[in-house]
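For reference, the structure discussed in these notes is given below.
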Amino acid sequence: MAEKPWAGRFRQNINQLVEDYSASIAFDKRLYRQDIEGSIAHAGMLASTGLLSEEESAAIISGLKKIREDIENGSFEFDPALEDVHMNIEVELTRRIGEAGKKLHTARSRNDQVATDLRMYVRDEIRSIKALLMDFLQTITEKAEAHVDILVPGMTHLQHAQPISFAHHLLAYFEMFYRDYQRFSDTFARVNVSPLGSAALAGTPHPVDRFMTASALGFDAPSRNSIDAVSDRDFVLEVVFAAALVMMHLSRLAEEIILWNSQEFAFIELPDAYCTGSSIMPQKKNPDVAELVRGKVGSVYGNLVSLLTMMKGLPLAYNRDMQEDKVPLFTTIDTLKASLEVMRGLMDGLSIKTDVLEKLLQAGFITATDIADYLVEKGLPFRDAHQITGNLVVHLEHQGKQLDQTSLDEFKKFSDMFAQDIFTYISPQNSVDRRTSYGGTARNNVRESLREASRILGSLKDEK
Ligand code: ARG
């Protein structure tokens with residue numbers, strides 16, 4: 001078994017339970033690439049300021065690259081006795097290249113090392129989450145483009161409210177996921193700061209060039225305060241919060257898909273490849289993907305609360321508690337990426353049953369607001385128009401009639417302002433197309449929103 005790098009101060013071997021309890025290698029080996037990249041930058045800097053000879057630095061760098069190859073081809077054996085990814089790599093480097101390996105940790109601590117690795121990891125993941133969000137926005141836009149003329153019942157309180165273009169409904173999600181995208185961009189700027197060279201907490205007496213390592217690793221700047229650099233995990237929290245918001249948005253969409261797919265709404269058809277069957281009920285085609293997205297949100301919210309709670313009582317600077325940041329972070333990112341991918345496929349394959357929608361749009365007095373609007377156009381105050389329309393609705397409800405089964409005489413019982421044009425006025429299509437206020441559902445507005453969505457997508461592609 002390899003000797004622990006910190007063994008000098010100890011006269012007893014570590015208790016096996018403690019070793020098992022404290023090892024993080026099972027999960028933090030995921031950071032090997034960032035750890036090696038950080039060490040390569042650190043070794044290059046140590047050589048440039050004279051702390052390492054050029055030969056030593058070259059030996060370290062090529063040794064690290066070989067270790068990276070071995071990890072990637074599966075031949076590297078991580079040892080839980082060496083606790084974490086940082087010590088596993090450093091100890092193996094020294095075993096392979098000898099003396100020079102022992103100098104790599106000059107002017108560095110695992111405290112600034114882990115903070116650096118984790119920031120690099122979060123940075124990489126933000127990039128891939130943004131790419132997935134962009135793909136998702138693209139799919140939403142394409143679906144919306146194909147459904148400008150499809151009208152669906154818009155709901156409030158899950159009751160028929162007013163007809164809307166299905167594209168307008170989908171573009172509401174475009175806005176939400178676009179804000180999510182921007183949130184990840186904003187977060188990136190705060191993540192992209194280099195803790196490297198802060199050492200344990202107080203900085204280092206050795207001549208280091210923190211600006212050099214920051215720029216070699218693609219950070220915008222070195223962190224300003226060595227204590228803050230090793231103490232905070234707000235950047236982890238921020239990315240988990242941004243992920244929780246995406247999951248919340250995905251879950252609302254999932255819930256709508258589940259409802260629309262139920263026999264009670266039944267106006268969408270889901271792709272077979274994204275559904276599962278029942279082992280007993282042969283007719284079943286269940287929307288499990290949407291249900292699982294809705295279900296997985298719970299663990300992401302849980303991760304956010306775990307992290308907030310883990311941090312809240314920690315005195316500055318580093319505390320081992322912070323090792324517990326990794327599993328919530330990693331599982332959040334894995335869940336988010338998989339959820340975005342699977343929901344994208346589900347959305348892409350979703351189709352609309354127009355015949356069902358036509359019937360649905362006749363139900364629930366969905367254009368009652370338009371009747372009131374009609375009376376307002378004829379000169380009635382809105383409150384009176386609202387009252388009259390309400391009375392009409394109660395009357396029709398008692399008769400068991402829908403609006404399209406109502407005669408002009410019946411309308412006239414409630415106001416003599418009604419004329420023949422009421423019937424075209426309250427068609428769902430006209431109801432939608434009159435809503436031309438900025439951001440409203442009129443199809444002309446929706447077409448303009450789609451052009452704007454394409455412009456936004458174009459600018460995101462340029463940004464990449
Ligand atoms: N595995 C540790 C973590 O993730 C690395 C830092 C350990 N530092 C220490 N002083 N024990 O937090």
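One-based numbering, in listed order, for ligands and for the atoms of each. In what follows, every heavy atom counts, from backbone to side chain, and hydrogens, waters and symmetry copies are set aside.
- Close approach of ligand 1 to Q323 (heavy-atom distance below 4.0 Å) involves ligand atoms 1 (N), 2 (C), 3 (C), 4 (O), 12 (O).
- Here's the thing with D84: one of its N/O atoms is less than 3.5 angstrom from an N/O atom of ligand 1.
- Atom 11 (N) of ligand 1 has its closest protein heavy atom at R110 NH2, 3.5 Å.
- Legend: residues meeting side-chain contact (heavy atoms from CB on, under 4.5 Å) with N261, ordered by chain and number and at least two apart, are I268, L270, P287.
- For the pair R123 and F219, the distance from NZ or CZ to the six-membered ring centre is under 6.0 Å and the angle to the ring normal is within 45 degrees.
- Under the 4.0 angstrom criterion for non-hydrogen atoms, K326 is in contact with ligand 1.
- Given atom 7 (C) of ligand 1, the protein heavy atom at minimum distance is Y318 OH, 3.5 Å.
- Ranking the protein heavy atoms by distance from atom 10 (N) of ligand 1 puts N111 OD1, 3.2 Å first.
- Listed for the S165 side chain is no donor-acceptor partner under 3.5 Å among the backbone atoms of R443.
- Within ligand 1, the atoms closer than 4.0 Å to a non-hydrogen atom of S24 are 1 (N), numbered from 1 in the order shown.
- In this structure, R119 forms a cation-pi arrangement with F235, its terminal cationic atom sitting closer than 6.0 Å to the ring centre and no more than 45° off the ring axis.
- Here the two rings, on W260 and F267, have centers that are under 6.0 Å apart.
- Few gaps surround CZ on F10; more than 12 heavy atoms of other groups in view lie less than 6.0 Å from it.
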